[in-house]
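First the structure, in the form of structure tokens, and then the observations on it.
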Amino acid sequence: MEERTAAFRLITGPEGLREAARALAGARRVGLDIEATGLSPLDARMRLLQLAAGGETFVVDVFEVKDLSPLREALEGGPLKVLHNAKYDYSFLLAQHGIRLSPLFDTMLAAQLLDGGEQGPSYSLEAVAGRYLQETVDKTARREDWSKELSREQLEYAARDAAILLPLHERLQELLEREGLGPVSRIEFGAVPAIAEMELAGIRLDVRRWRELERVVRRRRDEAARRLESHFPQPEGVLPLEGLGPRLNLNSPQQIMEAFRSIGIELPDTRMWTLLTVDHPAARDLLEYRELQKKLGTYLETYEGFVHPKTGRIHASFLQCRVPTGRLACTNPNVQQIPHEDEFRRCFVAGEGNVLVIADYSQIELRILAEVSGDPGFVEAFRRGEDLHRVTAATMFGVPKEEVTKEQRSAAKRINFGLAYGRGPRSLAAQLGTDEERARRLIDEYFATYGRVQRYLNETANRALKEGALRTLSGRLRKFGRTRGLSSAERGALKREAMNYPIQGTSADIAKLALIFIHSELRDLDARLINCIHDEFVVECAEEQAEEAASRVRSAMVRAGERLLKRVPVEVEVAVSREWRK
DNA sequence: TAGCAGCGCCAC
DNA sequence: AAACGTGGCGCTGCTA
């Protein structure tokens, strides 16, 4: 049955839904919001669908109207759908009604882009509406129970959330265009479906292999612990019951420092870097213990808890606009930080009858540096398809390319990667295991060869200090809050951040474009994205479509890269495997 | 008991 | 004195 008020129209039956569909069909844009009984589309149930268009707001009770197909045409195309945190609504509509919202405008992402990476206090709808409209929005109803009989107040709040999206869109759209953020906002909005579907697809963990690895690593960890403890004097007054006495906690840096002191070794801290310089077997044993303990605690003992009971897969969350550089962040769990060793990655497998297509950009950050600096040495090396590290080594050390030694190439590689992070001579010296003077000379020689790179990095750092903001090739904005009255340490840190931003940020631009293109290329295949690790994409697909999927993923990624890189070619490496390894 | 800072380390 | 950019997260040890 239907109810009318001035504010909204409650829809509980198919006739009302058809009327709503007609209203949407004629609209240019629709404010859209949902209410659900929880956060996960795999566990919670969608309760309300609110649609604001053409001066009307429809509130659909999805418990009553179970079939939303009359709305499909308007939701999967046609008018612009304006949402706040679109990934949430997109996931529910896809998982529970098979509807893929398009096209999208996300007011949360818009607000985050406008802030240029300086995370505002909150990006809730009420906060954003409060900031950009002269209205206050009360969201007390948000925390209420959406599974029972709904109060008039709840329905009104729900309707208001959808309605307010329209004026908010108008304002944010205007600001995005004015700030030159139109192109990057279209990348972000376009990537929402790819990211939502990647989360829904999830990743399969071979639990048997994982448990076996856990046993092996635990045994190694226990051995390392025994060796480590044997270096230190036994605590006095050990109780007769073995193991109950006060024991050294190997996970406590504080206690470890004390233990080292007790054998005459004074440590400033217990970091890996520090421990590597300590000439005592206890330092080696501690490093080994730490590594194994990290792998047990962070991965082996916790990941099974993330396997969803309904899907048997791990559904991580990807955060689209949390990182100032534009990269994705990932949590619950962070599947972007799984150890790279084969013994770990081989536990992440394709489902029955499927394979994984693993594709990554080859040296994308260095290609971006070549592009933005325009350095002829860099650009030409990439154009000729040469091994850039070898070329760098040859020029730095003044030897023919064929005579470059392993050590020389490795040093060049470390400089190549390090300078994108604003690395200095001291830290380079430490990594190369040489003295600071030699490191400084290497850097000087490097910049003598690649003068445009040096000039670009300096100019970028200075521009950040002067203008307080930088942009990537897509126009993504990053503001640098305070640039005056900085200590020299703060100034140095800001300069390094600044030098890195256009590189890392443009890489993120390309990755998000690639997400859009890959998602769209795979639409008519039995294939889907399951992970994205900055410049690497993992797709799971039916075995017999592997070749086709691999070729489409590659061309989508190349197209994304070439959209932003004009002077330098883009290369992608693709592998097909049942396991996540190349 | 929950929340948080500091330390330390995994990824790119 | 400074030290390599972006994150998430486990553990300790403290506080409210």
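Remember, it's a predicted structure, so these values are computed and weren't measured experimentally. Heavy-atom basis, side chains included; hydrogens, waters and symmetry copies ignored. Chain letters run A, B, ... following the sequence lines, proteins first, then strands; residues in each count from 1.
- Comparing C:dA3 with B:dC10, their P atoms are spaced 23 Å from each other, to the whole Å.
- Comparing atom distances between the A:Glu341 side chain and each of B:dG8, C:dG8, B:dA11 picks out B:dA11 as nearest.
- Within the nucleic acid shown, A:Arg423 comes within 4.0 Å of at least one base atom, counting heavy atoms only.
- Put simply, OH on A:Tyr299 is 8 Å from C1' on C:dC9, counting in whole angstrom units.
- Taking atom CG of A:Asn251 as the reference point, atom C1' of B:dG6 lies 15 Å away to the nearest angstrom.
- Contact check, A:Arg426 against C:dA2: no side-chain N or O comes under 4.0 Å of OP1 or OP2.
- Comment: A:Arg211 engages A:Glu304 in a salt bridge, judged by a side-chain N to carboxylate O separation of less than 4.0 angstrom.
- Among A:Val539, A:Ile358, A:Val357, the one residue that satisfies the side chain to side chain contact (heavy atoms under 4.5 Å, CB included) test with A:Val574 is A:Val357.
- For the OP1/OP2 pair of C:dC4 and a distance below 4.0 Å, the side-chain nitrogens and oxygens of A:Arg496 include no atom meeting the criterion.
- For the pair A:Asn334 CG and B:dG8 C1', the computed distance is 16 Å after rounding to whole Å.
- For C:dC9, the OP1/OP2 oxygens have a side-chain nitrogen or oxygen of A:Thr331 closer than 4.0 Å.
- A:Ile338 comes within 4.0 angstrom of the backbone, heavy atoms only, and of no base.
- Evaluated for a side chain to side chain contact (heavy atoms under 4.5 Å, CB included) with A:Phe382, the options A:Leu565, A:Val570, A:Val568 yield exactly one hit, A:Val568.
- Close to C:dT6, at under 4.0 Å from its OP1 or OP2, lies no side-chain N or O of A:Gln337.
- Straight-line distance from the CG atom of A:Leu286 to the C1' atom of B:dG8: 11 Å, rounded to whole Å.
- For the pair A:Trp580 CH2 and B:dC10 P, the interatomic distance rounds to 15 Å; values are reported in whole Å.
- For A:Ala329, taking side-chain heavy atoms from C-beta onward, the closest of the listed nucleotides C:dT6, B:dG8, C:dG8 is C:dG8.
- Counting distance only, with no hydrogens placed and no angle test, the side-chain atoms of A:Lys294 and the base atoms of B:dC9 include a donor-acceptor pair under 3.5 Å.
- Closest to the side chain of A:Glu497, out of C:dC4, C:dT6, C:dC9, is C:dT6.
- Remark: A:Arg440 engages A:Glu436 in a salt bridge, criterion side-chain N to carboxylate O under 4.0 Å.
- Contacts of A:Met499 with the nucleic acid, taken as non-hydrogen atoms under 4.0 Å apart, are absent.
- Using modelled atom types and a 3.5 Å distance limit, the side chains of A:Asp269 and A:Thr274 yield a donor-acceptor pair.
- Between A:Arg327 and B:dA11 there is no side-chain polar atom (N or O) within less than 4.0 angstrom of OP1 or OP2.
- Between A:Asn500 and C:dC4 there is no side-chain polar atom (N or O) within less than 4.0 angstrom of OP1 or OP2.
- Comparing atom distances between the A:His340 side chain and each of B:dA11, C:dG7, B:dC10 picks out B:dA11 as nearest.
- Checked against C:dG5, C:dC9, B:dG8, the side chain of A:Gln504 finds its nearest nucleotide in C:dG5.
- Note on A:His534: every side-chain N or O is 4.0 Å or more away from OP1 and OP2 of C:dG7.
- Atom-to-atom, CG of A:Asp535 to P of B:dA11 comes out at 14 Å; the value is rounded to the nearest Å.
- Comparing A:Gln254 and A:Thr325 by the nucleotide of DNA chain C that holds the closest heavy atom to each, the one mapping nearer the 5' end is A:Thr325.
- Between A:Ser252 and the phosphate of C:dG13, there is a side-chain N or O to OP1/OP2 separation shorter than 4.0 Å.
- In this model, the phosphate group of C:dA2 is approached by a side-chain N or O of A:Ser488 to a distance below 4.0 Å at OP1 or OP2.
- Among the atoms of the strands shown, none is found under 4.0 Å from any heavy atom of A:Glu365.
- In this structure, A:His389 has its ring center under 6.0 Å from that of A:Phe417.
- In this structure, CD of A:Glu258 is placed 15 Å from P of C:dT12, rounded to the nearest angstrom.
- Atom NZ in A:Lys495 sits about 21 Å away from atom C1' in C:dT6, given to the nearest Å.
- Residue contacts shown for A:Arg478 are limited to sugar-phosphate atoms, with no base heavy atom under 4.0 Å away.
- Between B:dG8 and A:Thr270, a contact under 4.0 Å exists linking OP1 or OP2 to a side-chain N or O.
- For A:Arg290 and B:dC9, the shortest distance from a side-chain N or O to OP1 or OP2 is below 4.0 Å.
- Considering every non-hydrogen atom in both A:Glu536 and A:Val538, the closest pair reads OE2-CG2, 4.0 Å.
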